[in-house]
Asker: 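I have a structure here, written as structure tokens, and I will follow up with some questions on it.
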Amino acid sequence: MQVKVLAFAQMHDQLGFREHLIDCSPDETPRAILSRIAPGFAPGSVRVALDLAYAEWDSPIGTATELALIPPVSGG
Amino acid sequence: MQVKVLAFAQMHDQLGFREHLIDCSPDETPRAILSRIAPGFAPGSVRVALDLAYAEWDSPIGTATELALIPPVSGG
Amino acid sequence: MQTHISFTPDFINPPPLQLPSREIGASVEFLGIVRELERGQPLAGLDYEAYIPMARQELARLFTALQALHPCAEVVFIHRLGWVPVGEASLFIRVLAAHRGEALRFLEAAIDRMKADVPIWKRSASAIYQRK
Amino acid sequence: MQTHISFTPDFINPPPLQLPSREIGASVEFLGIVRELERGQPLAGLDYEAYIPMARQELARLFTALQALHPCAEVVFIHRLGWVPVGEASLFIRVLAAHRGEALRFLEAAIDRMKADVPIWKRSASAIYQRK
């Protein structure tokens with residue numbers, strides 16, 4: 001399976017892409033997927049969302065098709 | 001001297017006038033003036049204003065030229 | 001702080017927003033609208049009266065006092081008088097400030113204090129009828 | 001409760017007020033405006049981006065949660081994206097309710113929660129420049 005990784009705001013700057021399709025398996029966690037595409041990446045204050053909802057860095061992604069990296073938000 | 005007595009809202013209904021010029025002296029209190037024009041009147045929740053500012057029922061009116069009867073307000 | 005206080009017998013058309021400086025970060029506007037049901041009684045509208053010169057003075061005093069607590073750049077206050085049908089606004093307040101917190105605090109306190117102390121009165125048609 | 005959530009690259013023109021019922025007693029509107037000074041640095045404007053489908057979903061969830069606390073009849077939410085110059089609005093929110101307390105509580109909590117959880121980002125031109 002593949003998951004589409006989306007990087008917004010500072011994460012876009014840091015990773016250098018907005019979207020990236022990654023091969024993965026349902027039992028991989030967001031943290032494991034990120035460590036493959038960005039070795040040394042530590043979430044810090046960055047949250048992760050799976051299929052439009054906030055998720056855990058250390059839970060398997062299951063059937064999610066979209067993984068978004070959400071740095072601290074600042075709308076308004 | 002004379003003071004102009006203004007009656008708003010329910011006070012207008014109760015007293016039957018909107019404006020009334022009354023002869024008075026500077027050492028009279030609003031309560032005394034009202035008791036002359038409306039015998040038996042008790043302020044209850046009605047406030048009194050002298051020259052556009054809230055005043056006391058039992059303090060002399062001094063040089064005020066306008067005495068307003070302010071029933072509970074309900075703007076908005 | 002700039003303050004604009006007015007009373008009108010006409011439908012309230014909020015004035016166009018004009019920012020007094022480049023430091024305004026929040027505009028908060030309130031419209032108080034006459035509802036059909038007031039204390040369970042259906043109304044066609046409400047009738048408003050005011051002791052206008054004292055209301056202006058009380059509002060100016062109140063805005064000055066609130067400005068010390070919640071600094072704002074501008075307040076526009078418009079109260080309609082006379083008959084206001086259901087669905088139309090009796091009151092418009094706009095507050096401009098650098099920050100939304102101050103604008104919201106100012107607005108809320110201004111309404112609360114107006115309702116306590118500013119000589120404006122509303123009456124339902126039925127209440128007016130009953131007094132006759 | 002009716003909710004209208006939209007994102008626009010254009011100047012925000014608040015939609016005309018239309019009351020969904022005769023039981024609306026309060027309309028509260030908020031405009032968040034880009035200020036010249038942010039943390040002491042003069043700005044020409046701010047650049048906004050959003051993860052739009054998730055932002056919509058988070059906002060809808062947030063409004064539903066707030067509706068249980070502060071019952072309101074309608075909320076209109078418009079966030080501008082892209083470049084917003086100083087003096088123009090990045091955000092418009094209108095809340096309609098029977099009572100002003102609920103409309104104000106809803107508005108304030110909606111802004112607070114949006115700022116905590118809804119995937120929208122602002123950046124100053126200088127910050128964008130520095131990343132290169």
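Residue numbering restarts at 1 for every chain, and letters A, B, ... go by the order of the sequence lines.
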Asker: Go through the structure and list residues passing salt bridge (Lys or Arg N to Asp or Glu O under 4.0 Å) with R56(C), not counting sequence neighbours.
Answerer: none
Asker: If we only count heavy atoms from C-beta on, is the E36(C) to E23(D) side-chain gap below 4.5 Å?
Answerer: yes
Asker: Strictly less than 4.5 Å between heavy atoms, which residues of residues 68-81 of chain D line up against chain C? Please order them by number.
Answerer: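 Expected list: none.
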Asker: Can you name the closest pair of heavy atoms from L43(D) and R22(C) and give their distance?
Answerer: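 Nearest heavy atoms, L43(D) then R22(C): O-NH2, 4.4 Å.
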Asker: Mind ranking V95(C), L107(C), L37(C), L19(C) by heavy-atom pairs under 4.5 Å with chain D and telling me who comes out on top?
Answerer: L37(C)
Asker: Could you tell me which portion of I24(D) (side chain, backbone, both or neither) has an atom closer than 4.5 angstrom to a non-hydrogen atom of chain C?
Answerer: both
Asker: Checking L104(C) against chain D: side chain, backbone, both or neither under 4.5 Å from a heavy atom?
Answerer: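 Side chain only.
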Asker: Report the distance from atom CG of L31(D) to atom CG of L96(C), rounding to the nearest 0.5 Å.
Answerer: 9.5 Å
Asker: Please classify the contact of L91(C) with chain D as side chain, backbone, both or neither, using a heavy-atom distance under 4.5 Å.
Answerer: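 Looking at L91(C), nothing touches chain D.
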Asker: Heavy-atom pairs under 4.5 Å with chain C: which of G101(D), G87(D), A98(D) has the most?
Answerer: A98(D)
Asker: Can you tell which part of I93(D) gets under 4.5 Å to a heavy atom of chain C, answering side chain, backbone, both or neither?
Answerer: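 For I93(D), there is no contact with chain C at all, as no heavy atom is under 4.5 Å.
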Asker: Do E29(D) and V28(C) have side-chain heavy atoms sitting under 4.5 Å apart?
Answerer: no
Asker: Specify which of G25(C), A103(C), S21(C), S90(C) makes the most heavy-atom pairs with chain D at under 4.5 Å.
Answerer: G25(C)
Asker: Select one option (side chain, backbone, both, neither) describing which atoms of A89(C) are under 4.5 Å from chain D's heavy atoms.
Answerer: neither
Asker: State, yes or no, whether a side-chain contact exists between R100(C) and D112(D) at a heavy-atom distance under 4.5 Å.
Answerer: yes
